[in-house]
Structures are given as C-alpha cells and as structure tokens.
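The block underneath contains the structure these notes are about, expressed in structure tokens.
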2 protein chains.
Amino acid sequence: MDEALRAVADPTRRAIMELVRDGERSAGQLADRFPQMSRPAVSQHLRVLADAGLVDVRRDGNRRMYALRPQGLADAAGFIERMWSTQLRRLKEAVENE
Amino acid sequence: MDEALRAVADPTRRAIMELVRDGERSAGQLADRFPQMSRPAVSQHLRVLADAGLVDVRRDGNRRMYALRPQGLADAAGFIERMWSTQLRRLKEAVENE
DNA sequence: AGGCTATGTAAGCAACTTCTTACACTCTAG
DNA sequence: CTAGAGTGTAAGAAGTTGCTTACATAGCCT
C-alpha cells in the first residue's frame, strides 16, 4: 500500500493514470502529453507506477504499452474507505442521538 | 487533493489517522504511541494532517485534541473511485463480450 | 548490415521531507 | 506568582524525489 500511495501522491503520475485509464498508451504517446517535461522524466514516472503495481506494461515490438491496473489501488482504497466509513458511522450515531 | 494524498502517503500519518479515527486524542497521547520517534516529529505530522484538512484540532485547556476529518479525503476517494470504476467497467465489458 | 525510431538507464543537481535537539509559549495547580 | 505539564516552532542534518542531459539498448525497415 505504501508504494501505491506514494506513487499516487504525485500529480504527474495521477495524470498518467487518468490517461491510461481509457486504454493502453505507448510511452511516447504519454510523453507527448507532457510537453513541459522531458521524455525520460515521464519514463521514470512510468517505472514508479509499474513498480507500485498501478500500471501494466506490455512490449509491442519497438514500443511499450502501458495500461491501468486498478487492483494496485486496492489497499489504498481500503484505507480510505476505512477512514471514510467513520464519517458514515458518526453520522448514523448523530442521527440516532437526536 | 494533492495535499491530502501527499499527507496520506506517509505511514506514520496514516497510523495517526487510524488512531484518531476512533475519537479525539491529545497530541501527547498520540506521541506516546510512537516511542521510536520524538514528540516534535509527531507534532509536525499532526500539522501536516491539519493543513491537509485530514484532522480537526480543538484546544482543550492545556491540550490539543485531534479528531479525524474524513471529508478531507473526499477528492482522493473520488480519484481512486474513478480509477477503480475502470476495473468494473472493463469487467462488465468482458462479460458482455463472452 | 546500418540507420532510424522508441524507449529505458545513469549521473548529477536542486528542492523537498522527515527527522533531531533546543527553545518558546500557554495553561493549570499549588 | 511560580513550577511544571503539554505542546508548538526553529534550525539544521540526512535522506529522498523529481527533474535534466547524455548515453545505452532493442526492434524495425530498406
């Protein structure tokens, strides 16, 4: 979970995830979407995402295709849900006490 | 969202959130739970959490009481859900195509 | 083979994080 | 009022992150 949450904490990486969310994208296609930063920078972000299990990589000849891997967020989602549920529980208690 | 996700990316801060999840805790009570690190370190983590809107602070005489503020995770939860839903959508499509 | 395309890796630097110790502040209690 | 408890803030060290440029690797095409 730690790795996934640290990966997701970066806005560029979240943007990449939004992009690959709709289907596979090559490293180059992704890099093109970030004209303000160098291609290697994007490549490094992709590595972080892959290491965190947030994207899948597939070789396609010359290119590398990246796709979202939502399971990688399972534990993070669990944590957030656990925090979130507190609100619901509290709300319920508040309602019951009035 | 950025601030919340960066705050949550740290394991100590997540642990703090788990602790205040069940109700208010004073700074000192929280610091006691992290014997391996200094009290000021915990205090600094609490500040990060408060700045990110993930905890509420209340002064109680000499002490400061911290409580979880789950709304602070709303945007983060939204992001994760948006990624997550992809899986469901894909699954649905896969089922429909077979 | 040789050159071009697509991509990753290495090295290094600047900025940021997360600690620590030392200090300041603010209530409460006697 | 003074002492001590509870807590935040300041300054600085050490480690980590996120970039850049330069280089390496691997597949494709003529």
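Residue numbers begin at 1 in each chain, while the letters A, B, ... track the order of the sequences.
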Notebook entry, point to check: Got a donor-acceptor contact below 3.5 angstrom from the A:Asp10 side chain to the A:Arg13 backbone?
Noted result: yes

Notebook entry, point to check: Above 12 or not: heavy atoms from other molecules or residues under 6.0 Å from CZ of B:Arg47?
Noted result: no

Item checked: Side-chain N or O of B:Arg6 closer than 4.0 Å to phosphate OP1/OP2 of C:dT17 -> yes

Checklist line | Any N/O donor-acceptor pair, B:Asn62 side-chain to C:dT28 base, under 3.5 Å | finding: no

Next item on the list: Identify whether any heavy atom of A:Arg47 sits under 4.0 Å from a base atom; if not, whether one sits that close to sugar-phosphate; answer base, sugar-phosphate or nothing.
Entry: sugar-phosphate

Check: When the distance from CZ of A:Arg64 to C1' of C:dT9 is rounded to whole Å, what number comes out?
Finding: 11 Å

Notebook entry, point to check: In whole angstroms, how far is the P atom of D:dG8 from the CZ atom of B:Arg59?
Noted result: 9 Å

Margin query: On DNA chain D, does the nearest nucleotide to A:Asp60 precede the nearest nucleotide to A:Arg39 from the 5' side, or the other way round? Give the residue.
Written below: A:Arg39

Next item on the list: Would you kindly give the CE-to-C1' distance between B:Met65 and D:dT7, to the nearest whole Å?
Entry: 13 Å

Next item on the list: Please state whether the phosphate of D:dG8, meaning OP1 or OP2, lies under 4.0 angstrom from any side-chain nitrogen or oxygen of B:Ser43.
Entry: yes

Notebook entry, point to check: Are any of the side-chain heavy atoms of B:Leu19 and B:Phe34 separated by less than 4.5 Å?
Noted result: yes

Item checked: Side-chain donor/acceptor contact of B:Gln44 with base of C:dT17 under 3.5 Å -> no

Notebook entry, point to check: So what does A:Ala41 touch, heavy atoms closer than 4.0 Å: a base, only the sugar-phosphate, or nothing?
Noted result: base

Note to self: Quick check on D:dT17: is either OP1 or OP2 less than 4.0 Å from any side-chain nitrogen or oxygen of A:His45?
What the structure shows: no

Margin query: If I take atom CG in residue A:Asp51 and atom P in nucleotide D:dT17, what distance separates them, rounded to the nearest angstrom?
Written below: 12 Å

Item checked: N or O in side chain of A:Tyr66 less than 4.0 angstrom from C:dA6 OP1/OP2 -> no

Checklist line | Atom pair distance, as rounded to whole Å: CE in B:Met37 and P in C:dT17 | finding: 17 Å

Notebook entry, point to check: Checking all strands, does B:Phe34 fall into the base, sugar-phosphate, or nothing category for heavy-atom contacts under 4.0 angstrom?
Noted result: nothing

Check: Can you tell me if A:Gln29 uses its side chain to pair, donor with acceptor, with the backbone of A:Ser26 under 3.5 Å?
Finding: yes

Check: Given atom CG of B:Leu49 and atom P of C:dT18, what is their separation to the nearest angstrom?
Finding: 11 Å

Next item on the list: For D:dT20, take OP1 and OP2 only and decide whether either is under 4.0 Å from a side-chain N or O of A:Ser38.
Entry: yes

Margin query: Could you tell me if the side chain of A:Arg25 sits less than 4.5 Å from the side chain of A:Arg33, heavy atoms only?
Written below: no

Next item on the list: Take A:Val48 and B:Arg63, find for each the nucleotide of DNA chain D with the closest heavy atom, and name the residue whose nucleotide sits nearer the 5' end.
Entry: B:Arg63

Check: Atom CD of B:Gln29 and atom P of D:dA5: how far apart are they, to the nearest Å?
Finding: 17 Å

Check: Taking CG from B:Leu46 and P from D:dT7, how many angstroms apart are they, rounded to a whole number?
Finding: 10 Å

